Amino acid sequence: MVESRRGASARAPRTNFESASHRIILGDCVAEMSKLQAGSVDLVFADPPYNLQLKGDLKRPDESHVDAVDDDWDKFDSFSAYDDFTRAWLLAARRAMKPSATIWVIGSYHNIFRVGAIMQDLGFWLLNDIVWRKSNPMPNFRGRRFTNAHETMIWAARDEKAKGYTFNYEVLKAANEDVQARSDWLIPLCTGEERLKGADGKKVHPTQKPEGLLARVLLSSSKPGDLVIDPFNGTGTTGAVAKRLGRSYIGFERDKTYAKAAEARIAKVEPLPEESLAPFMTAREAPRVAFSELIERGMIMPGTKLFDAKKKLGALVRADGAIMFGDKVGSIHRIGAVAQGAQACNGWTFWHVETKKGLKLIDELRAEIRAGMAAE
Ligand SMILES: C[S@@+](CC[C@H](N)C(=O)[O-])C[C@H]1O[C@@H](n2cnc3c(N)ncnc32)[C@H](O)[C@@H]1O
C-alpha cells in the first residue's frame, strides 16, 4: 500500500469552484447510495446511529432531564440488527468510493468497536484512529463511571492495496507549527451560535458535530473539487464545511425536518476565496525549475546583472544559464557561495534582478513559473 504524501500536487487540475454542487437526498442511505455511480466518490464521512441503548430517562443530580440521544433513529433491536445495518451501509458506501477514496466513521464506545471489526471484515484498510477529545464534555450525570470525554474516528482506505489516497501531510504539519499532526484532536462540542436551534429555542438535532472537527477531516484527506458524501447527514455539518472548503457534497438523510434544516444551513454558507484553498506545495514537493528556464522564457535576458540584497555584490547572467563573478563561472548557487566566501548558498534566495520597483528575488520569478505549471 502506498501512502500519498504529495499533499495537493503541483500539477493538480484547477478547481472549478463554480461547478461544485451541494445537495441532500431524502431517504434511506443504503438505498440512495446504491444509486450513485460506482467509483465516483472521493471521501466519505459517516456519523451513524450510535445505538446508545439508553434505558429510561437520564436525569441530572437536581432531577432535571438530560437532553440525551433517545431518538428512534438511534434504536436497534439487538447488536446483530445493528451489525446488519452497519454492513449494509458500509457496503453501499464502498461501492460508491473511488479506488483511491477514504472513509471516516465516528462513534463512541457503544458502537465504534463493532463498526471497526465490520470494516476490517469487509476489506477496508484502517489507516488511523483519531481521538476527538472534547474540551467541554457533558458530565456523566449518574456519576458512577468516567465522563465520556472523547469520541473515536476510524479513517480507512477502500482496501489494503489502495494507492494514492489523499493525505495532506505537509499542510497539516505546516498548520501545526511544522510538527507532524497527532491523532488526538482537542476540539469543543458544538455549542453557541453554531448550534442549530428551532423557533422554540430547542436544539434541532441531538448530535450536531462541530464544524472544526469536520474541517480537520476534510482538510487532511480531501482536495478542493473532490466529491464528499455523508450517509448520515443530520444537520448537514459535513455539507456546510465541504461547501466552505470548495468541495462538492451529497448528504443522505431520512428525516425530513433534519434534511430541511440542513438545506437551509448549507445554502447560507459562502465558499472561502479560492486563493485561500489553493493547492499547497512545500519546497520539497515543488517541481524543479532550472535557472536557465528563466532565460528561455525571457524573464531574464543574458547580460543582465544579478545582485545580492544590499546590491554590494553583482554577477553577470550568461546565455547558457551559468553566471559569472569576476573570472569565476558557475551555477547561481556556487557563484553565490563564492561571492560571499561561504561554503554554500541557495542562489534562488540570494540573487535579485533590478526592476522599476526595485530589486526582485529570482525566487519570485521561479514561483511565477511554478504557478503557471499548477494551472496547466
Ligand atoms: C448521528 S446523526 C448525524 C449528525 C450529523 N453528523 C450532524 O452533524 O448533524 C445520524 C443521522 O442519521 C440519520 N439516519 C439514521 N439512519 C439513517 C438511514 N438509514 N438513512 C439516512 N439517514 C439515516 C438520522 O436521522 C440522524 O439525523
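Both ligands and their constituent atoms are indexed starting at 1 by order of listing. What you are looking at is a predicted structure, and each value in this text was computed from that prediction instead of being measured. Every heavy atom of this structure was used, including side-chain atoms; hydrogens, water molecules and symmetry mates were not.
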Asks: Between Lys328 and Phe325, is NZ or CZ placed under 6.0 angstrom from the six-membered ring centre and within 45° of the ring axis?
Replies: no
Asks: Distance under 4.0 Å to a non-hydrogen atom of Thr235: what atoms of ligand 1 satisfy this?
Replies: 7 (C), 8 (O), 9 (O)
Asks: May I ask you to check if ligand 1 and Phe85 share an N or O to N or O distance below 3.5 Å?
Replies: no
Asks: Determine whether Asn168 and Ser220 make a side-chain contact, defined as any pair of heavy atoms from C-beta on separated by less than 4.5 Å.
Replies: no
Asks: Begin with the C-alpha distance, continue with both residues' side-chain angles, and end with the deciding distance and a verdict on side chain to side chain contact (heavy atoms under 4.5 Å, CB included) for Thr102 and Phe167.
Replies: CA-CA 10 Å; Thr102 58; Phe167 179 50; over 6 Å; no
Asks: Which atoms of ligand 1 have any heavy atom of Asp28 under 4.0 Å away?
Replies: 18 (C), 19 (N), 20 (N)
Asks: For ligand 1, note which part of Tyr258 has a heavy atom under 4.0 Å away: side chain, backbone, both or neither.
Replies: side chain
Asks: Output the list of atoms in ligand 1 that are nearer than 4.0 Å to some heavy atom of His205, sorted by atom number.
Replies: 2 (S), 4 (C), 26 (C), 27 (O)
Asks: Closer than 4.0 Å to some heavy atom of Gly27 - which atoms of ligand 1 meet that?
Replies: 20 (N), 21 (C)
Asks: What protein heavy atom sits nearest atom 2 (S) of ligand 1, and how far off is it?
Replies: Thr207 OG1, 3.3 Å
Asks: Provide the number and element of each atom of ligand 1 under 4.0 Å from a heavy atom of Pro231.
Replies: 21 (C), 22 (N)
Asks: Examine ligand 1 and decide if any of its atoms is less than 4.0 Å from a heavy atom belonging to Phe45.
Replies: no
Asks: Under 6.0 Å between ring centres, would you say that holds for Trp155 and Trp104?
Replies: yes
Asks: Considering only heavy atoms of Pro49, which atoms of ligand 1 have at least one such atom less than 4.0 Å away?
Replies: 15 (C)
Asks: Parallel, tilted or perpendicular for His205 and Tyr258, by the 30°/60° rule?
Replies: tilted
Asks: Could you check if a side-chain atom of Lys203 sits within less than 4.5 angstrom of a side-chain atom of Arg195, using non-hydrogen atoms only?
Replies: yes
Asks: Strictly below 4.0 Å, N to O, side chains only: are Glu32 and Lys35 in salt-bridge contact?
Replies: yes
Asks: Measuring only between side-chain heavy atoms, which start at C-beta, is Gln208 closer than 4.5 Å to Arg265?
Replies: yes
Asks: If you have a sec, work out which protein heavy atom is nearest atom 20 (N) of ligand 1 and how many Å separate them, to one decimal?
Replies: Cys29 N, 2.9 Å
Asks: Which residue owns the protein heavy atom closest to atom 22 (N) of ligand 1, what's the atom, and how far is it?
Replies: Arg254 N, 3.3 Å
Asks: Any non-hydrogen side-chain atom of Tyr82 less than 4.5 Å from a side-chain atom of Pro48?
Replies: yes
Asks: Thr237 heavy atoms, cut-off 4.0 Å: which ligand 1 atoms fall inside?
Replies: 7 (C), 8 (O), 9 (O)
Asks: Got an N/O contact under 3.5 Å between Tyr50 and ligand 1?
Replies: no
Asks: Counting non-hydrogen protein atoms only, what is the nearest one to atom 14 (N) of ligand 1? Give residue, atom name and distance.
Replies: Phe232 CD2, 3.7 Å
Asks: Would Asn233 count as a contact of ligand 1 if the rule is a heavy atom under 4.0 Å away?
Replies: yes
Asks: Heavy-atom distance under 4.5 Å between the side chains of Arg158 and Lys98, does that happen here?
Replies: no
Asks: With side chain to side chain contact (heavy atoms under 4.5 Å, CB included) as the test, would you mind laying out the steps for Leu36 and Phe252 before giving the verdict?
Replies: CA-CA 11 Å; Leu36 293 178; Phe252 303 88; 3.9 Å; yes
Asks: Can you figure out which of Lys209, Glu253, Gln208 has its heavy atom closest to atom 24 (C) of ligand 1?
Replies: Glu253
Asks: How far is atom 10 (C) of ligand 1 from its nearest protein heavy atom, and which residue and atom is that?
Replies: Asp47 O, 3.4 Å
Asks: Considering only heavy atoms, does Thr238 approach ligand 1 within less than 4.0 Å through its side chain, its backbone, both, or neither?
Replies: neither
Asks: Atom OG in Ser40, atom CE in Met97: separation rounded to 0.5 Å?
Replies: 11.0 Å
Asks: Does Asp255 reach ligand 1 with a nitrogen or oxygen that is under 3.5 Å from one of the ligand's nitrogen or oxygen atoms?
Replies: no
